[in-house]
Student: 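Here's a structure for you.
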2 protein chains.
Amino acid sequence: MSDISSNGGSGGGPSGRIGIGLDLDATHLKILEVLRENGRISVSALADRVGISRANAYTRFEALRADGAIKRFTAEIDHVRTGLGITALIFVTVRQQMWRQFRAELARMPEVEYCAITTGQHDAMIQVRMADVAEVHAMVTDRLANIPAVKATETVFILDEVLRRPYVLPSDREKTRAPRRTVQEERGDVPLGKMRFVGAAEGRAALRKDD
Amino acid sequence: MSDISSNGGSGGGPSGRIGIGLDLDATHLKILEVLRENGRISVSALADRVGISRANAYTRFEALRADGAIKRFTAEIDHVRTGLGITALIFVTVRQQMWRQFRAELARMPEVEYCAITTGQHDAMIQVRMADVAEVHAMVTDRLANIPAVKATETVFILDEVLRRPYVLPSDREKTRAPRRTVQEERGDVPLGKMRFVGAAEGRAALRKDD
DNA sequence: GTTGAAATTAGTACGAA
DNA sequence: TTCGTACTAATTTCAAC
């Protein structure tokens with residue numbers, strides 16, 4: 001299976017650099033911003049929107065692609081219209097040292113739209129799209145449960161998808177309106193009791209793809 | 001905030017029809033299949049790949065757009081390259097009758113890439129992209145915790161994104177290789193003890209956007 | 001990094017099968 | 001409906017600045 005990631009496995013350190021290849025300037029981000037809204041815009045129109053020349057836009061566009069900053073272009077579709085109106089999240093606990101098998105089985109499940117390895121109580125979360133709830137049930141009981149690597153599952157249904165941004169950009173942060181207090185000010189008098197962080201548990205082992 | 005959904009609120013019933021507007025035939029699905037891989041393909045090239053005439057491709061392409069089956073086109077980007085290499089899932093318990101406020105606050109958080117209302121222990125799941133873990137912490141403690149509508153949160157980090165399909169299509173199902181047994185055969189002798197479905201709890205109330 | 005002109009390709013309209 | 005063609009408009013490429 002092909003890895004799409006991405007995330008630094010050694011999550012803790014603040015040592016992450018942005019530009020291993022290309023380092024993105026404000027113009028690059030502006031380009032991505034436009035492409036996020038309209039992935040089919042012509043490079044000419046893109047140049048206009050961003051305020052650069054066409055040749056420059058072509059160069060940067062190609063650089064973003066070549067560098068891998070842009071992974072691919074895609075269409076966003078309405079799942080209800082295609083008959084897969086039921087979405088579920090399945091949290092999976094994976095038997096240690098069976099990650100390879102788990103990943104292999106995942107590759108055989110085209111109804112899985114997303115799979116991430118997480119810290120916390122479970123080891124992975126997968127999102128599936130199905131025609132009806134019965135199919136979700138069948139998927140969990142017949143397919144997932146039969147994978148020896150799967151120790152346990154927990155399924156929740158998605159009732160509504162409130163928000164989906166194609167992706168988040170660093171420049172988005174400045175758009176935050178009316179922050180009641182700044183991050184600095186607030187430090188310390190937060191009702192910490194309300195929240196809970198879930199530690200990595202055995203999750204770290206998950207990062208070792210070959211076990 | 002704008003709703004992207006989608007999911008039938010009355011999840012249970014198998015009464016869902018596909019084509020409220022357009023009803024998609026095999027050719028439509030083929031088009032979507034191509035567009036999923038390459039959202040920037042020209043309509044001419046699309047016509048070739050699908051095996052229809054250019055004119056027909058234009059007609060169908062436009063129909064899919066107009067119908068809403070295709071919601072938009074977008075670029076998929078590498079979060080690490082843009083400096084937002086840390087991804088976290090925050091499970092939120094929302095105080096009843098405060099959904100409207102919760103949604104309003106969400107709209108102010110551009111670092112939220114995805115938010116779904118779920119059944120189960122929590123009421124919503126949000127996915128955020130940040131530069132480092134400290135920022136996730138700040139987000140949860142300073143911003144989310146200050147929203148009165150938020151009763152509690154639980155945060156897990158994403159260690160790896162193993163798989164992301166732009167979307168799932170009904171036609172994907174046939175690609176499932178080597179199914180050990182069919183769904184029908186297997187019914188009954190599944191180790192049900194391994195899994196657990198989490199009921200809707202108070203989640204249903206979440207569907208009423210105006211409370 | 002920009003501009004402008006040639007070559008190519010995309011989008012549209014329409015008649016025929 | 002779908003296809004094929006001809007027509008118009010736009011985009012991409014490539015050159016020189």
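Residue numbers start from 1 in every chain, and the chains themselves are labelled A, B, ... in the order their sequence lines are given, proteins ahead of strands.
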Student: For residues 50-77 of chain A, which residue pairs qualify under ring-ring contact (aromatic ring centres under 6.0 Å, His included), counting only residues two or more places apart or in two chains?
Tutor: Phe61(A)-Phe73(A)
Student: Assess the side chains of Arg129(B) and Thr87(B): does a donor N or O sit below 3.5 Å from an acceptor N or O?
Tutor: yes
Student: Base, sugar-phosphate, or nothing: which does Ser42(B) touch, judged by heavy atoms less than 4.0 Å apart?
Tutor: sugar-phosphate
Student: To the nearest Å, how far apart are Ile31(A) CD1 and dG1(C) C1'?
Tutor: 13 Å
Student: Using the ring of each side chain (for Trp, its six-membered ring), is His79(A) parallel, tilted or perpendicular to Tyr167(B), with breaks at 30° and 60°?
Tutor: perpendicular
Student: Any side-chain N or O of Ser44(A) under 4.0 Å from OP1/OP2 of dT12(D)?
Tutor: yes
Student: Over how many whole Å does the gap from Phe61(B) atom CZ to dG11(C) atom P extend?
Tutor: 8 Å
Student: Let me know the distance between CG of Asn56(B) and C1' of dA13(C), rounded to the nearest Å.
Tutor: 16 Å
Student: OH of Tyr58(B) versus C1' of dA9(D): gap in Å, rounded?
Tutor: 11 Å
Student: Measure from CG on Asp48(A) to C1' on dT2(C) and round the result to the nearest Å.
Tutor: 14 Å
Student: If you pin Ala55(A) and Ala45(A) to their nearest nucleotides in DNA chain D, which one's is more 5'?
Tutor: Ala45(A)
Student: So which of Arg164(A), Arg165(A), Glu161(A) actually passes side chain to side chain donor-acceptor pair (under 3.5 Å) with Tyr114(B)?
Tutor: Glu161(A)
Student: dG4(D) base to Arg54(B) side chain: any donor-acceptor pair below 3.5 Å?
Tutor: no
Student: Output the rounded distance in Å from CD1 (Ile41(A)) to P (dT12(D)).
Tutor: 10 Å
Student: Just to be sure I understand the rule, does Arg60(B) reach a base, reach only the sugar-phosphate, or reach nothing, if contact means heavy atoms closer than 4.0 Å?
Tutor: sugar-phosphate
Student: Closest nucleotide of DNA chain C for Arg40(A) versus for Gly51(A): which of these residues is on the 5' side?
Tutor: Gly51(A)
